[in-house]
Amino acid sequence: MDTDMDTKALWLDAGAIEDCVQRHSREDPGRIREVLAKARELHGLAMEDVACLLMLKSPDLREELFATARAVKEEIYGRRIVLFAPLYFSNLCSNECLYCAFRCSNREVTRKALSMEEIAAETRILLKQGHKRLLLVAGEAYPGSGIDYVLDAIDTVYAVQEGGSSIRRINVNLAPLTVEDFRELKEHQIGTFQLFQETYHRPTYAAMHLAGPKKDFDWRASSFDRAMLAGIDDVGMGLLYGLYDWRFETLALFSHIHHLEERFGVGCHTISVPRIEPACGSDVASRPPHALADDDFLTLIATLRLAVPYTGIILSTRESAATRKKALELGVSQISAGSRTNPGGYADDERFEAAQFQLGDHRSLAEVIEDLGRNGYIPSFCTGCYRSGRTGKDFMDLAKPGLIKRKCAPNALSTFEEYLLDYATPAARAVGEDAIALQLQDMDEKVRAISERLLEKVRSGSRDVYC
């Protein structure tokens, strides 16, 4: 039987969070610099530290924050950037969320739930582009057999073979589930379970969610407890910036992470930071009540990098290419590329009337990868940790002492080399090989030897090699 802890957000103390915001309502340069010095020790930050950084406004202090975030990101992640694609397989929804094009009353959206054949066709297109990691996304209603439709979709994607390649890991963004349903997801070999709370401010949540299961704030906010009880120890948090004050939201998210760490010994694997973008049929999306300015958005990303240094930060194609470039420097470690947010969008590239929101970055995967390589980044399609059992606490036990990058760095290079050999244009391959050579120069002798061994295997015809 579910307990209150499994179904209610008892850990969320809105009053304490509001008080914390008020205590740090003025910029304190001395305190900010103390927090930045603490962040360079790579042990993360306390809530009061986070609140202090979120308040800074002066250009000089902001640049000190950004410099610290760059240093911390470089120390932990190096130059690797994980790439994935979302695969929207249904936009059916039973909720009435005022900011979302998928909401049930919106007649401007053409409804579509892909058949298994259509899901396989979308997967083949993404494989031909070079993708190896997918995020399955659906509206919060499923046709026919309910959760079985989701499980069948997962099995379908994994079964697709295209040119000797297949999807190596599926992450999912789905509605809240029971412990029993989460166990079924686990049995179907998902990687990370991702769910956005949208807003942690209860009055705003109630005002934005008018009907459907999503009206239940606590059931949604307690989803990760049930997922972890079911054995899914990699969870991805997120909220929709623009619905309420961004400082409150960030501190509430930090409280959520702290709750999971206290109860299960591990927090979230990733944090997503989407800002509201226009969506058809939504006045709220066009005029966000608490729009987050670009400077504050970058401050948020840099602060999260310092607050939870070993947690991946995901940035979607909602943001423009220019904003994503800045965010990569400050802390973002995962990005989507070549995304479509409508079911069947990869097969029918011209249809957007079923899309969830407008895109900011319209570049293809090939264009994104070439740009990353030109800027010295290593695009990574690695899924080695998921398949080696390095998840949850096992991952963090390696990450916090700084050991995980000894595996991540070689695996990033081997998957990047696969892409360059199998999918890249000659020009993109030349850029990529230069980026790999520079990365090898910066590695210590042991890690470089491992990387060169994996690269040689790939260049000799092997695929899907990792350590």
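Scanning for salt bridge (Lys or Arg N to Asp or Glu O under 4.0 Å) contacts around R374 gives E370, with sequence neighbours left out. Scanning for ring-ring contact (aromatic ring centres under 6.0 Å, His included) contacts around Y241 gives an empty result, with sequence neighbours left out. By the salt bridge (Lys or Arg N to Asp or Glu O under 4.0 Å) test, R275 pairs with D294, E319, sequence neighbours left out. In this structure, the salt bridge (Lys or Arg N to Asp or Glu O under 4.0 Å) partners of R103, at least two apart in sequence or on a different chain, are E96. Partners of R287 according to the salt bridge (Lys or Arg N to Asp or Glu O under 4.0 Å) rule, which considers only residues two or more places apart in sequence or in another chain, do not exist here. Applying the ring-ring contact (aromatic ring centres under 6.0 Å, His included) criterion to W246, with sequence neighbours excluded, gives no partner residue. By the ring-ring contact (aromatic ring centres under 6.0 Å, His included) test, F264 pairs with no residue at all, sequence neighbours left out. When the ring-ring contact (aromatic ring centres under 6.0 Å, His included) test is applied to Y244, the partners found at least two apart in sequence or on another chain are H201, F248, H290.
Looking at N411, its side chain does come within 3.5 Å of a backbone N or O of C467 through a donor-acceptor pair. With T415 contributing its side chain and F381 its backbone, the two residues share a donor-acceptor pair below 3.5 Å. A donor-acceptor contact shorter than 3.5 Å is absent between the side chain of T317 and the backbone of S339. Distance alone, capped at 3.5 Å, is enough to place a donor-acceptor pair between the K186 side chain and the G231 backbone. Judged by distance alone, with hydrogens and angles left aside, the side-chain atoms of N106 form a donor-acceptor pair with the main-chain N or O of A101 at under 3.5 Å. Remark: side-chain polar atoms of K73 are paired, donor with acceptor, to backbone N or O of V332 under 3.5 angstrom.
Of all heavy-atom pairs spanning V308 and F254, the tightest one is CG1-CE1, 4.2 Å. The minimum heavy-atom distance linking S282 with L98 is given by the pair OG-O, 2.7 Å. Shown here for I232 and G191, the closest heavy-atom pair between the two residues is CG2-O, 4.5 Å. Listed here is the closest heavy atom pair of A252 and I17: CA-CD1, 3.6 Å. When all heavy atoms are compared, the tightest approach of Y158 to H188 is CE1-O, 3.6 Å. Closest non-hydrogen pair, L12 versus F217, comes out as CD2-CZ, 3.5 Å.
No side-chain heavy atom of V368 sits less than 4.5 Å from a side-chain heavy atom of D371. Here the side chains of W219 and T7 are in contact, with some heavy-atom distance below 4.5 Å. Side-chain contact check for T250 versus T303: every heavy-atom pair is 4.5 Å or farther apart.
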### Message
Using the rule given for side chain to side chain contact (heavy atoms under 4.5 Å, CB included), can you reason through L330 versus R70, listing the C-alpha separation, both sets of side-chain angles and the distance that settles it, and then say yes or no?
### Response
CA-CA 5 Å; L330 300 178; R70 292 186 194 101; 4.1 Å; yes
#### Entry: Derivation of the side chain to side chain contact (heavy atoms under 4.5 Å, CB included) call for V465 and V458
CA-CA 7 Å; V465 296; V458 173; 3.6 Å; yes
### Message
Determine whether H209 and N95 satisfy the following criterion, side-chain hydrogen bond (donor to acceptor under 3.5 Å, both in side chains), listing intermediate values before the conclusion.
### Response
CA-CA 7 Å; H209 303 96; N95 297 314; over 6 Å; no
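Residue L239 holds its CG atom at 11.0 Å from CG of L195, rounded to the nearest 0.5 Å. Atoms CD and CD1, on Q334 and I314 in that order, are 4.5 Å from each other to the nearest 0.5 Å.
Among pairs with a residue in residues 192-203, those fulfilling salt bridge (Lys or Arg N to Asp or Glu O under 4.0 Å) read E198-K214, E198-R220, R202-D218, at least two apart in sequence or across chains. Here ring pair (Phe, Tyr, Trp, His ring centres under 6.0 Å) pairs that include residues 312-342, with residues two or more places apart or in two chains, number zero. Sorted by first and then second residue, the salt bridge (Lys or Arg N to Asp or Glu O under 4.0 Å) pairs involving residues 119-132 (not counting sequence neighbours) form an empty list.
Residue-environment remark: NE2 (H258) stays at or below the threshold of 12 foreign heavy atoms within 6.0 Å.
Annotation: cation-pi pair R263/W11 absent, no NZ/CZ under 6.0 Å from the ring centroid and within 45° of its normal.
Using a 4.0 Å cut-off between charged nitrogen and carboxylate oxygen, E433 and R429 count as a salt-bridge pair. The pair R226-D181 does not count as a salt bridge, with every side-chain nitrogen at least 4.0 angstrom from each carboxylate oxygen.
Aromatic rings of F84 and H131 (six-membered ring for Trp) have centroids beyond the 6.0 Å cut-off, not under it. Checked against a 6.0 Å centroid threshold, the rings of F224 and H259 do not count as neighbours.
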Acceptor/donor pairs from residues 166-176 side chains to any protein atom, 3.5 angstrom cut, sequence neighbours excluded:
from : atom 1 : to   : atom 2 : distance (Å)
R168 : NH1    : E418 : OE2    : 3.3
R168 : NH2    : E418 : OE1    : 2.8
R168 : NH2    : E418 : OE2    : 3.2
R169 : NH1    : Q189 : O      : 2.5
N171 : OD1    : T192 : N      : 2.7
N173 : ND2    : Q194 : OE1    : 2.8

